[in-house]
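Hydrogens, waters and symmetry mates play no part in the numbers below; they use all other heavy atoms, side chains included.
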Amino acid sequence: MRKSYTDNILSYSNNKLIKVIVGQRRVGKSYVLRQIANQLMSNGVNPNNIFYFNKEFIDFDFVLHYSDLEEVVKKYKTQLNPEGKIYLLIDEIQNISEWERFVNSYSQDFTSEYELYISGSNSKMLSGELATLLSGRYVAFEVFPFSFREYLGITNQKLTKQSFVNYMESGGLPEFFSLSNEETKRHYTASVIDTVLLRDIIQHFSVKDPKLLEDVFVYLVNNASNLVSINKVVNFMETRGRKTTYDTVANYIGYIEDAFLMHKAERFDIKGKDTISGTSKYYANDLAFKNYLFSGFDYGIGYKLENLIYLELRRAGYEVYVGLIRNREVDFVAKKANDVLYVQCAYLIVDQHTVKREYASLEMIEDNYTKIVVSLDDVQLPQNKGIKHIQAWRLHEFLALERM
């Protein structure tokens with residue numbers, strides 16, 4: 001059970017706030033919704049008062065418009081005649097035309113008592129019209145693939161450097177842990193990507209050059225943890241004989257981000273306290289993309305470590321940027337409410353030269369927020385000028401303490 005998600009989401013229950021669960025396909029959003037239903041029943045809610053609807057089920061192919069969903073809810077109420085509050089759990093709601101009207105109507109219904117939990121696989125579902133309609137009336141939760149902590153629990157491994165490396169060389173897609181071998185995992189990862197690219201992006205946005213979309217995705221995966229600009233991607237494609245434009249590549253990258261396959265970290269001027277346009281870094285939503293689909297490309301363990309640290313910071317609720325101070329890079333500036341955490345990633349800190357290189361940019365930061373260096377060293381290093389050293393496989397423990 002993904003208890004951290006269910007506990008967090010249910011802490012917002014018993015009110016009219018719409019609970020919106022978002023994330024990439026196949027990361028476990030449906031599972032989380034079903035666990036919420038189970039927990040509600042454990043808390044004494046009558047099962048007849050819980051309406052669970054998954055648009056992915058072929059039985060509901062006929063539900064194309066919000067009015068079709070409305071009819072299904074009416075039939076449910078007629079047949080089961082629930083008394084008191086009704087909990088509506090709608091999975092992959094973005095596949096229903098004008099679903100916003102359904103959500104707005106039920107969240108505003110004061111003649112009957114409803115509580116809504118909805119999920120979707122596109123980050124833009126909370127932009128535009130819906131954000132205007134529901135301003136201040138929803139709370140969003142992003143579901144990620146299994147964290148290292150969840151990985152340990154499901155594989156019964158101990159908290160060690162080796163188990164972290166095992167996790168780094170595999171991935172966190174939940175379905176992985178019912179698959180028997182590496183080849184099956186590779187095929188499964190490919191099928192997930194194909195489904196997202198074809199169904200969620202190519203069909204939805206009427207993409208004119210599907211092969212270019214795939215090439216852009218491959219480029220982003222193989223350049224994760226590196227600074228990337230749209231012009232750089234355009235130039236790379238042209239060297240491969242693929243003629244394209246800035247706007248096309250920008251749109252395709254946007255679609256890939258919206259589907260949660262890749263995450264963008266903008267650069268942030270630490271001294272000027274503002275974002276810097278132009279180049280950004282992109283991180284894969286799961287290292288399975290790299291490990292099982294494009295493993296032949298040169299990609300060091302340091303880049304994988306940086307990717308995992310980015311994801312762990314996001315899971316902990318931080319907004320994450322790439323820092324810049326006096327032309328030196330700080331791998332991550334992580335912000336949450338009024339708190340800031342500065343993070344430098346290093347594969348191994350083997351000598352004084354490496355210490356000087358990895359700690360120097362953090363030493364330039366003049367404020368008093370927490371600064372850490374995360375690495376795969378076997379021995380935890382002592383604090384250095386107020387900068388803490390954290391072993392990568394213990395980062396989740398450190399972040400948990402930071403949240404207390």
Side-chain angles (χ1 to χ4, degrees), residues 1-2 5-6 9 18-40 47 50-76 86-103 106 115-126 130 138 140-146 171-179 184-185 187-207 210 255-261 285-286 288-289:
M1 180 174 176
R2 306 194 74 177
Y5 289 109
T6 53
I9 295 166
I18 301 156
K19 274 60 80 172
V20 185
I21 302 165
V22 295
Q24 177 204 304
R25 278 187 185 273
R26 304 294 178 262
V27 296
K29 298 188 302 298
S30 299
Y31 179 84
V32 169
L33 269 183
R34 293 195 299 271
Q35 289 299 312
I36 288 171
N38 286 337
Q39 192 60 48
L40 289 171
I50 299 173
F51 174 86
Y52 173 76
F53 178 95
N54 190 335
K55 184 61 179 78
E56 296 287 276
F57 293 169
I58 59 173
D59 289 346
F60 298 129
D61 280 351
F62 70 92
V63 179
L64 302 174
H65 190 254
Y66 84 94
S67 58
D68 301 326
L69 180 58
E70 173 77 10
E71 287 303 312
V72 174
V73 172
K74 285 180 179 177
K75 287 181 180 178
Y76 145 75
I86 296 173
Y87 296 83
L88 301 175
L89 284 67
I90 317 294
D91 208 354
E92 296 295 352
I93 197 171
Q94 83 281 349
N95 293 326
I96 301 171
S97 177
E98 296 187 72
W99 60 271
E100 300 94 336
R101 297 182 64 177
F102 174 91
V103 170
Y106 277 89
E115 189 161 341
L116 276 76
Y117 297 79
I118 64 176
S119 83
S121 302
N122 191 296
S123 66
K124 286 292 189 288
M125 63 184 289
L126 291 177
L130 181 65
Y138 72 86
F141 309 87
E142 184 171 353
V143 176
F144 289 88
F146 281 159
L173 297 174
E175 191 68 24
F176 266 19
F177 304 95
S178 61
L179 301 179
T184 308
K185 289 179 181 180
H187 285 297
Y188 176 74
T189 305
S191 73
V192 169
I193 298 303
D194 289 345
T195 300
V196 175
L197 292 182
L198 178 62
R199 186 168 178 175
D200 293 345
I201 298 179
I202 293 172
Q203 292 180 357
H204 182 76
F205 294 104
S206 301
V207 170
Y255 299 156
I256 291 166
E257 285 183 77
D258 292 345
F260 299 98
L261 291 177
N285 196 45
D286 193 89
F289 305 161

Can you list the steps and then say if I193 with F289 is a side-chain contact (heavy atoms from CB on, under 4.5 Å)?
CA-CA 8 Å; I193 298 303; F289 305 161; 3.6 Å; yes

Kindly write out the residues that satisfy side chain to side chain contact (heavy atoms under 4.5 Å, CB included) with [X], not counting sequence neighbours, or none if the list is empty.
X    : value
P174 : R2, F146
E142 : V22, F144, F260, H263, R314
D194 : none

Sub-4.5 Å side-chain heavy-atom contact between [X] and [Y]:
X   : Y    : value
V27 : N285 : yes
I90 : V103 : no
F53 : V63  : yes
Q24 : L173 : yes
E70 : Y106 : yes
L64 : S97  : no
I36 : Y5   : no
D68 : H65  : yes

Using the test salt bridge (Lys or Arg N to Asp or Glu O under 4.0 Å), find all partners of [X] that sit at least two apart in sequence or belong to another chain.
X   : answer
K55 : none
R34 : none
R25 : E56, D200

Do the side chain of D286 and the main chain of G172 share a donor and acceptor less than 3.5 angstrom apart?
yes

From [X] atom [atom1] to [Y] atom [atom2], the distance as rounded to the nearest 0.5 Å:
X    : Y    : atom1 : atom2 : value
K185 : S178 : NZ    : OG    : 9.5 Å
E92  : W99  : CD    : CH2   : 11.5 Å
N54  : S119 : CG    : OG    : 7.0 Å
L116 : L88  : CG    : CG    : 5.0 Å
H204 : I202 : NE2   : CD1   : 13.0 Å

Show the nearest heavy-atom pair for residues [X] and [Y], with the distance to one decimal.
X    : Y    : result
A288 : F176 : CB-CZ, 3.6 Å
L179 : Y188 : CD1-CB, 3.7 Å
I50  : L40  : CD1-CB, 3.9 Å
K29  : S121 : NZ-OG, 3.2 Å

Check whether the side chains of N122 and Q94 place a donor and an acceptor atom closer than 3.5 Å, and report yes or no.
no

Return the orientation label for the F57 and Y52 ring planes: parallel under 30°, perpendicular over 60°, tilted otherwise.
perpendicular

side-chain contact (heavy atoms from CB on, under 4.5 Å) assessment of F62 paired with V72:
CA-CA 10 Å; F62 70 92; V72 174; 3.9 Å; yes

Dump the intermediate steps for side-chain contact (heavy atoms from CB on, under 4.5 Å) on Q39 and T6, then the final yes or no.
CA-CA 8 Å; Q39 192 60 48; T6 53; 5.8 Å; no

Before you tell me yes or no, could you show the steps for M125 and I118 under side-chain contact (heavy atoms from CB on, under 4.5 Å), namely the whole-Å CA-CA distance, both residues' side-chain angles and the distance that decides it to 0.1 Å?
CA-CA 11 Å; M125 63 184 289; I118 64 176; 4.3 Å; yes

